[in-house]
Amino acid sequence: MTNDNHQCRFCASPNVSQIIDFGSVGLAGAFLKPDQFAAEKKYDQQLYFCSDCYLLQIINKVPPTVLFKDYFYFSSAIATLRKHFRSYAKEVTEKFLIPKKSSVLEIGCNDGILLKPFVELEVKTVIGVDPSSNVIETIKDPNIIAINDFFTRERALKIREDYGPINMICANNVFAHIEDMHDVTAGIKTLLADDGVFVFEVHYIGSLIDEIQYDMIYHEHLFYYSLLALQNFFKGFDLEVFDVKPVDIHAGSMRYYVRHKDESNDKSVSLNVINLQKREREKGFDKLETFQSYADKVAQTKTDLMALLADLKQEQKSIVGYGASGRANTTIQYCGIDDRHIDYMIDDAPAKHGYYTPGSHLEIKPRSALEENTPDYILIFAWSFFNEIIEKNMAYLKQGVKFIVPLPEVKVFSWQDGQIVEENYSETDDADAKIVSMSEHK
Ligand code: SAM
């Protein structure tokens with residue numbers, strides 16, 4: 001657990017310790033074709049904790065242009081996300097904006113999943129910034145100003161020149177992705193109107209720890225935030241988190257509401273912030289030991305999953321992976337899953353079809369492949385979308401295909417007597433299967 005001369009990416013402290021070493025892995029978002037296998041680049045991936053500012057972080061650097069130039073993630077492909085961002089837009093517009101007089105800008109707007117609802121709500125100026133050319137160019141709405149670039153302080157100055165200060169800046173599932181957080185946050189500080197609000201959602205460290213969601217950890221996600229770490233960071237920019245809201249998306253995120261800090265005003269910080277701060281200290285998100293015991297639990301989930309897959313392969317069962325996401329690629333590479341375990345991967349995004357997963361080189365096919373080649377088991381790597389996936393694949397479940405969920409603990413689901421049941425696959429043969437309802441399993 002030496003720091004190998006590393007420094008915290010936020011506070012530059014040398015007081016950082018290694019938590020998990022994932023080894024040298026293919027980039028989780030770098031899907032590839034067979035003719036690219038030989039030249040595939042691998043990168044070290046190590047998770048560190050800073051005992052001074054409490055930031056949990058990937059210490060190794062990969063140039064952002066490598067990660068985001070061509071991107072395979074289209075937010076709008078996921079129905080749960082379309083619904084989420086529609087209600088998000090409505091909620092924050094009602095709370096903070098006079099639509100016809102307001103401007104909104106989203107950092108990492110992707111295919112416009114949040115911006116389109118803002119247009120429908122008649123927000124006057126709607127701007128999106130995203131470096132992924134192949135994704136942002138799918139926004140065809142003339143009411144959206146789509147800027148194909150990284151958001152930087154320089155870019156923020158130019159936007160301010162063109163459109164004035166922005167009333168609401170949003171950034172969802174991107175605050176963990178940004179290499180130079182100091183520059184981007186300086187840009188937000190510069191661009192946000194004096195009484196403006198910066199709203200962002202990001203995966204919450206509490207979910208990562210409590211639910212052993214180590215599959216969120218890959219190079220694209222450089223930072224795993226607690227409120228405590230964010231407060232330490234924002235202090236340096238005279239910004240303050242004034243409210244927080246847990247959101248049930250991506251298996252447990254947090255929405256943060258941020259504004260300019262102004263000692264002269266008496267705007268109070270919400271009780272939600274005070275309570276979350278207290279809870280995080282109780283849970284030890286400011287202590288190295290918390291993260292060390294987390295690493296032990298992560299290693300146990302790998303042992304359990306690989307034992308199950310080994311048993312199934314010994315019984316000559318066929319297994320297909322569902323959801324070729326970045327998260328899947330972490331699980332696959334960390335556990336050492338390959339074509340000895342999984343026949344092929346299914347993904348609903350057409351852009352991924354015909355490509356192979358990084359590192360493990362599993363072919364990605366559309367869902368229709370299940371018809372020709374129905375497996376005995378489907379391993380749901382996109383387990384946080386369990387309900388959506390089960391609903392879509394109910395016919396296979398009913399015809400006897402079993403579904404494996406790898407996290408937070410390994411579980412197997414099957415259809416028995418008109419119900420979904422969680423099977424007991426452990427050595428204790430006489431244990432009863434447990435009936436589960438879809439709402440119970442998130
Ligand atoms: N906001 C969408 C959502 O919540 O579904 C997309 C999230 S996606 C995981 C991250 C997006 O951030 C990608 O579209 C990526 O291209 C973009 N991105 C990465 N770095 C960025 C930066 N410095 N400035 C703006 N966008 C960035």
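Residues: numbered from 1 along the sequence shown. Ligands are counted one by one from 1 in listed order, and the atoms in each one are counted from 1 as well.
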Should the pair Lys189 and Phe237 be classed as cation-pi, given the thresholds of under 6.0 Å to the six-membered ring centre and 45° from the axis?
no
Using heavy atoms and a cut-off under 4.0 Å, could you grab the residues that are in contact with ligand 1, chain by chain, numbers ascending?
Phe68, Tyr71, Tyr73, Ser75, Phe85, Glu106, Ile107, Gly108, Asn110, Val129, Asp130, Pro131, Ser132, Phe150, Phe151, Asn172, Asn173, Val174, His177, Ile178
Could you check whether [X] pairs with [Y] (Lys NZ or Arg NE/NH1/NH2 to Asp/Glu carboxylate O, under 4.0 Å)?
X	Y	result
Glu240	Lys235	no
Glu282	Lys278	yes
Glu363	Lys33	no

Which pairs with one or both residues in residues 193-212 pass side chain to side chain donor-acceptor pair (under 3.5 Å), sequence neighbours excluded?
His84-Glu201, Glu201-Arg255, His203-Gln213, Tyr204-Glu280, Asp210-Lys283, Glu211-Gln213
Least distance between heavy atoms, Ala156 atom then Gly187 atom:
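Scanning both residues completely, I find the closest heavy atoms to be CB-O, 3.4 Å.
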